Amino acid sequence: MSLFENEKNIQSTNPRQGFARFRPLRATQAIRDQHVEVSISASDFIYPYFVVEGEKQKQAIASLQGIYRLSIDELLADLEETLRLGIDKVLLFGVIDNSLKDDMGTAAYANDPLIVRAIKAIKQRFPQVSVFTDVCLCEYTSHGHCGHLHHHDVDNDATLPLLAKMALEHARAGADFVAPSSMMDGQVYAIKNALDTAGLPTRILAYSAKYASSFYGPFRDAAGSAPAFGDRKSYQMDYRNRTQGLREIAADIEEGAHWVMVKPALAYLDIIVQARMDYPFANIAAYQVSGEYAMIKTSAAANIVNEENAFFESLTAIKRAGANQIISYYAKEFIRKGL
Ligand code: PBG
């Protein structure tokens, strides 16, 4: 039989019948929809919020078009829509005035912190929302680094009790998950100990494989958290490493993390895939970070890509790689546009 003789009859992808045919599976939208392996729903998303002091504050962020810094009242108003879309998980970042920052990041964990008030307000109004909080000092330190400085570098062990205190404040206020992102060694261990000692069941979402990335640029603009000098390469991971990211994940699971994270997402899909294979039962979150969002926004504005197609494709790729949850500034648009 010649290779092409019976091609009209071949409906399967079985190569024994000549050659593999995939196109029948792609013939129409309906048929394509019947063969989908990966789809995303609202429950996969965690939506990030930037919280500021005051009332009626809705501040545009130049580098993150469509995302705002919101005062707590505005955040509650916005949450109504987020919930209507079916997204019930949020990740909170505090943004404070420079005048309130000091070298120890005190505002993160003392004197009724902004995020503590935000958690309480959300929980009171919308108890069904799962509140995740970022646990890191860079938004609160005058130098913009993620911990306590010693000779121009972050002192790992001196930072741990500060992170534990911050996490404890969030947990006491009712956070469902605390999410340590400072990339200090032992941050999960320190937080877990503090929570256990206080008898709090609060879960830990560990930013485990967090790479020193150029894609955090817009976030630092949004949160006012750019380091005043140097960079974060002495604590965030070197992107030339893969196995080290897996070891970070292993250590965090060992230390008591309930969920782990890979961040950023799109440039690190290999890490997500490998983590999924190594830890089939782990809950792996991936963060489509500010730079990933801004790249799609700006290239769409320049008519280089179709925005919807680009974010559907990117977010689906993150889920396809094996992420259980996706933190994304596109979460609401994704659901609004429907898949
Ligand atoms: C805090 C933190 C950062 C992000 C999440 N938590 C900034 C950083 O590490 O510099 C980045 C998120 C984003 O870019 O969307 N350390």
Side-chain angles (χ1 to χ4, degrees), residues 45-51 61-69 90-96 101 105 107-109 114-115 132-141 143-149 154 156 159 162-163 166-167 170 177-185 187-188 191 204-239 248 259-268 285-298 311 314-315 318 325-332:
F45 281 120
I46 303 173
Y47 188 63
Y49 276 112
F50 296 102
V51 191
I61 302 163
S63 55
L64 277 180
Q65 204 203 319
I67 305 295
Y68 299 84
R69 297 183 204 95
V90 300
L91 173 61
L92 305 182
F93 296 97
V95 185
I96 63 168
K101 299 182 182 181
Y109 45 81
L114 171 61
I115 290 300
F132 295 65
T133 60
D134 190 71
V135 175
C136 184
L137 299 181
C138 65
E139 295 123 78
Y140 305 94
T141 51
H143 46 72
H145 277 285
C146 298
H148 181 52
L149 284 191
V154 177
N156 192 86
T159 302
L162 308 182
L163 296 173
M166 184 177 182
H170 294 177
F177 277 82
V178 289
S181 68
S182 74
M183 287 305 278
M184 295 300 119
D185 291 328
Q187 60 184 6
V188 172
I191 290 170
I204 300 174
L205 164 56
Y207 284 72
S208 304
K210 175 173 175 178
Y211 286 84
S213 172
S214 55
F215 297 118
Y216 306 149
F219 174 96
R220 292 177 189 173
D221 173 28
S225 65
F229 62 86
D231 53 40
R232 304 210 199 289
K233 289 183 180 167
S234 75
Y235 39 104
Q236 297 181 351
M237 284 189 56
D238 187 322
Y239 57 74
E248 288 271 5
W259 293 9
V260 293
M261 193 197 298
V262 175
K263 177 186 170 199
L266 203 60
Y268 298 86
Y287 199 144
Q288 183 193 48
V289 298
S290 56
E292 297 180 62
Y293 172 88
M295 279 199 300
I296 297 174
K297 276 276 170 210
T298 51
F311 70 70
S314 302
L315 290 165
I318 295 165
Q325 282 81 29
I326 305 173
I327 303 164
S328 171
Y329 305 96
Y330 267 124
K332 291 206 290 184

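Just so you know, ligand 1 is whichever comes first in the structure, and atom 1 is the first atom listed for that ligand. Model, not experiment: these values are computed from the prediction.
- Residue Cys138 touches ligand 1 through its side chain alone, judged by heavy-atom distances below 4.0 Å.
- Ligand-side atoms of ligand 1 in range of Tyr216: 8 (C), 9 (O), 10 (O), 11 (C), 14 (O), range being under 4.0 angstrom from any heavy atom.
- Protein heavy atom closest to atom 14 (O) of ligand 1, with residue, atom name and distance, is Ser290 OG, 2.7 Å.
- Each of the following atoms of ligand 1 lies closer than 4.0 Å to a heavy atom of Ser181: 1 (C), 2 (C), 6 (N), 16 (N).
- For atom 16 (N) of ligand 1, the candidate residues are Arg232, Glu139, Lys210, Met183; the nearest heavy-atom contact is made by Lys210.
- Side chains of Glu248 and Met237 form a contact here, defined as non-hydrogen atoms less than 4.5 Å apart.
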Phe219 and Phe50: CA distance, side-chain angles, deciding distance, ring-ring contact (aromatic ring centres under 6.0 Å, His included) verdict | CA-CA 10 Å; Phe219 174 96; Phe50 296 102; 5.5 Å; yes

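- Between Tyr235 and His145, the angle of the ring planes goes over 60°, which puts this pair in the perpendicular group of the 30/60° scheme.
- Shown in contact with Cys136 at under 4.0 Å from a heavy atom are these atoms of ligand 1, numbered in order with element: 1 (C), 16 (N).
- In this structure, Tyr287 and Tyr329 have tilted ring planes: the angle between them lies in the 30° to 60° band.
- Using a non-hydrogen distance threshold of 4.0 Å, Lys263 registers as a contact of ligand 1.
- Judged by the 6.0 Å and 45° rule, Lys210 forms a cation-pi pair with Tyr216.
- In this structure, the protein non-hydrogen atom closest to atom 15 (O) of ligand 1 is Tyr329 OH, 2.6 Å.
- Of all the listed residues (Tyr207, Phe215, Phe219), Phe219 holds the heavy atom that lies closest to atom 3 (C) of ligand 1.
- Remark: the Gln187 side chain and the Ser182 side chain contain an N/O donor-acceptor pair separated by less than 3.5 Å.
- Under 4.0 angstrom from ligand 1, the non-hydrogen atoms of Phe93 all belong to its side chain.
- For Tyr330 and Phe45, the gap between ring centers reaches or exceeds 6.0 Å.
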